[in-house]
Novice: 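This is the structure, below, for whatever I ask next.
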Amino acid sequence: MSEYITLKDNRDFSRLYKRGKSFVSPVLVTYILKNKSDNLRFGITTGKKVGKAVKRTRARRVIRAAYYELYPNIKSGYDFVFVARGKTPYAKSQTICCAMKKHLKAAGVLKEG
RNA sequence: UGAGUGUAUUGAACAGCUGCGGGCAAAAUCCGAAAGGAUUUGUGCGAGGAAAGUCCGGGCUUCACAGAGCAAUAAUAACGGCUAACGGCCGCCGGGGGCGACCCCAGGGAUAGUGCAACAGAAAAUUACCGCCAAUUUUAUUGGUAAGGAUGGAAAGGUGAGGUAAGAGCUCACCGGAGGACGGGAGACCGCCCUGCCGUGUAAACCCUAUUUGAAGCAACACCGUGGUAGGACAUAUAACGCUUGCUCGGCGUGUCCUUAGGAGGUGGCAUCGAGCAGUUUUGGUAACAAACUGCCAAGAUAGAUGGCUGUUCACGACAGAACCCGGCUUACAGAUACAGUCACACC
RNA sequence: GCACCCGUGGCGGAACUGGCAGACGCGUAUGGUUCAGGUCCAUAUUUUCGAGAGGAAGUGCAGGUUCAAUUCCUGUCGGGUGCA
């Protein structure tokens, strides 16, 4: 089993869309909500608007890579949902990583230092 | 040299660091009574020619089934072969296109029947409006006639000659079509001869003929299956509480165990053996393909694995991501390479 | 995986037994009515060439059948629906 926990149920996604804080940038949308456990959980949404299968997988991979890079610096006890947008498959991972860092910083879930 | 045709192959390469999903191996640690599981380490593997569209054909699975028939807005449609099978492929015939290499074609039946052919035109399937000819009589009527005019996509085989009152396959020659005989071919069909003069088109209108199709699909299906549901057995101080009638008895709810089917979830199906892939190979065949020999078979997830960063090279990278598995078809696609023909120009 | 439906002017939506494509409504533009606006009335309104008369193209796209296709057939692209 991997150390990364993913969200699977539609229930969890809808809860984040409804009650979570959202942050928007041209390549990424982030929803953040506290959960009751000590774990960090995340999910990725790539809708039909992003493109066909190749573009959707590409978007998913880039977002996942960015999340793995930031993972050690995130405080525990939060759920995240990342939504890909039309430009995501064409962006470099550093761009995504920058955007995600900005979002998480604004939400105050990054560890100090 | 330029233009164009067909067939086949290929679908950027290399190195380092760091990640992801399976397989195998052994050791160590942890959990567990055990079976086993988790972590770490090593090793090797990890998207396509279309993985796509889901348009066909199978394998596999479950259901149905004595045999036959009917139905279906079902599919196919010259002939011969190949194939496990096909609506696919190869060859060939007929038709069409191109100077040519070559390419394209749903290509059965209209004397089984029914329907339709707008407008125009006299008439759209047994047709006479104008015209032509004859007769009567007188300026109209009757009869003959499909050569000419006009309409139309299409006007009753076409062209020419004879013939006639005028005309007409009425007669003849050639062409086209139909029927028949002979010859060639495995066959579609082709060649040639004779008869003879024939009511148009549409079946991608209904239809007729021939052939094929039992139904559904891996979310199939098989196994396990907390809770809850249904059925049965037992238990109880005949205890407590609630309901059933105010009371008593009785019954139900209650507890334990067993059984049937089964939703969520899990495991198998599922991935190394198959109609498998490859070959400057051999044999048969024009070819599709078949046979023999040699070699190789390491994606297998379950919210769904190939990413990120750095560097180098070049033609600066298109279309695009496996989801039970195969054989085709169709569609998308930057380019690169090889082979075999063709045409034009120039030179020898 | 299986079954099926729909694409027509700027928008909705007719024309479906093959026979003049754009009926009808909305919107838009111009003019009239009004002191002004609305309402109402009239005209125009697929694109393109043309001074005009008129010509050409055109029913998602590409082909085919037919004398003739929005209609019939095949392929394809896009959008949508149902079942498991």
Side-chain angles (χ1 to χ4, degrees):
Chain A
M1 275 292 143
S2 166
E3 56 181 315
Y4 308 109
I5 302 167
T6 54
L7 297 172
K8 288 168 186 143
D9 290 350
N10 190 31
R11 206 176 41 237
D12 295 332
F13 279 87
S14 353
R15 202 185 65 237
L16 270 120
Y17 292 144
K18 256 188 186 171
R19 298 196 205 146
K21 278 187 180 175
S22 65
F23 302 87
V24 182
S25 63
V27 293
L28 188 73
V29 180
T30 311
Y31 291 88
I32 301 178
L33 191 67
K34 261 193 183 173
N35 64 16
K36 287 169 189 169
S37 67
D38 283 343
N39 298 322
L40 270 176
R41 304 191 299 173
F42 81 108
I44 303 171
T45 301
T46 48
K48 243 182 190 175
K49 271 189 187 172
V50 175
K52 293 199 173 180
V54 171
K55 286 177 185 167
R56 290 206 299 269
T57 30
R58 160 85 192 164
R60 238 184 351 257
R61 283 165 183 166
V62 171
I63 291 171
R64 201 184 297 137
Y67 177 76
Y68 287 169
E69 197 156 310
L70 293 173
Y71 178 76
N73 297 322
I74 303 174
K75 295 181 190 167
S76 58
Y78 291 93
D79 286 349
F80 305 97
V81 165
F82 304 105
V83 180
R85 310 191 76 189
K87 287 182 181 171
T88 308
Y90 303 102
K92 287 200 111 185
S93 76
Q94 290 162 327
T95 319
I96 309 284
C97 195
C98 260
M100 192 182 285
K101 208 170 187 178
K102 222 168 142 190
H103 292 174
L104 299 184
K105 213 171 198 175
V109 299
L110 285 181
K111 289 175 185 168
E112 297 304 318

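We name chains A, B, ... by the order of the sequence lines, and we start the count at 1 in each one. As the structure is a prediction and not an experimental result, all values here were calculated from the model.
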Novice: By nearest atom, which of the nucleotides B/rC309, B/rA322, B/rG308 is closest to the A/Gln94 side chain?
Specialist: B/rC309

Novice: Using the side-chain contact (heavy atoms from CB on, under 4.5 Å) rule, pick out the option among A/Val24, A/Thr30, A/Ile32 that qualifies with A/His103.
Specialist: A/Thr30

Novice: May I have the distance from A/Tyr67 (atom OH) to B/rC20 (atom C1'), rounded to whole angstrom?
Specialist: 15 Å

Novice: Write down the distance between CZ (A/Arg61) and C1' (B/rC20), rounded to a whole number of angstrom.
Specialist: 10 Å

Novice: Are A/Val27 and A/Leu70 linked, directly or through other ILVMFWY residues, by side chains that come within less than 4.5 angstrom of each other?
Specialist: yes

Novice: Could you tell me how far B/rA74 sits from B/rU213 if I compare only their C1' atoms? Round to whole Å.
Specialist: 8 Å

Novice: Whole angstroms only, please: what is the OH-C1' distance between A/Tyr68 and B/rC20?
Specialist: 7 Å

Novice: I'd like the C1' distance from B/rU306 over to B/rA299, given in whole Å.
Specialist: 11 Å

Novice: Whole angstrom is fine here: how far is it from CD in A/Glu69 over to P in B/rC20?
Specialist: 14 Å

Novice: Tell me the closest heavy-atom pair linking A/Pro26 and A/Arg85, and the distance in Å.
Specialist: O-CD, 3.6 Å

Novice: For A/Arg58, report the nucleic acid contact type (base, sugar-phosphate, nothing); a contact means any heavy atom under 4.0 Å.
Specialist: sugar-phosphate

Novice: Determine the interatomic distance between P on B/rA288 and the same-named atom on B/rU9; round to the nearest Å.
Specialist: 13 Å

Novice: Does B/rA237 sit syn or anti, given that only angles within 90° of 0 count as syn?
Specialist: anti

Novice: I'd like the P distance from B/rC198 over to B/rG191, given in whole Å.
Specialist: 26 Å

Novice: Return the value, rounded to whole Å, for the distance between atom CD1 of A/Ile63 and atom C1' of B/rA303.
Specialist: 14 Å

Novice: What is the distance from NZ of A/Lys55 to C1' of B/rA318, rounded to the nearest Å?
Specialist: 12 Å

Novice: Calculate, to the nearest 0.5 Å, the distance between atoms CZ and CD1 belonging to A/Arg61 and A/Ile44 respectively.
Specialist: 11.5 Å

Novice: For residues A/Tyr17 and A/Thr45, is any side-chain donor paired with an opposing acceptor at under 3.5 Å?
Specialist: yes

Novice: Quick one: look up who B/rG295 pairs with, Watson-Crick or G-U, both distances under 3.5 Å, and put none if it's unpaired.
Specialist: B/rC277

Novice: Could you state the OH-C1' distance from A/Tyr71 to B/rU18, rounded to the nearest angstrom?
Specialist: 17 Å

Novice: Using atom CZ of A/Arg64 as one end and atom C1' of B/rA305 as the other, report the distance to the nearest whole Å.
Specialist: 8 Å

Novice: Would you state whether a donor and an acceptor, one from the side chain of A/Arg60 and one from the base of B/rG304, lie under 3.5 Å apart?
Specialist: no

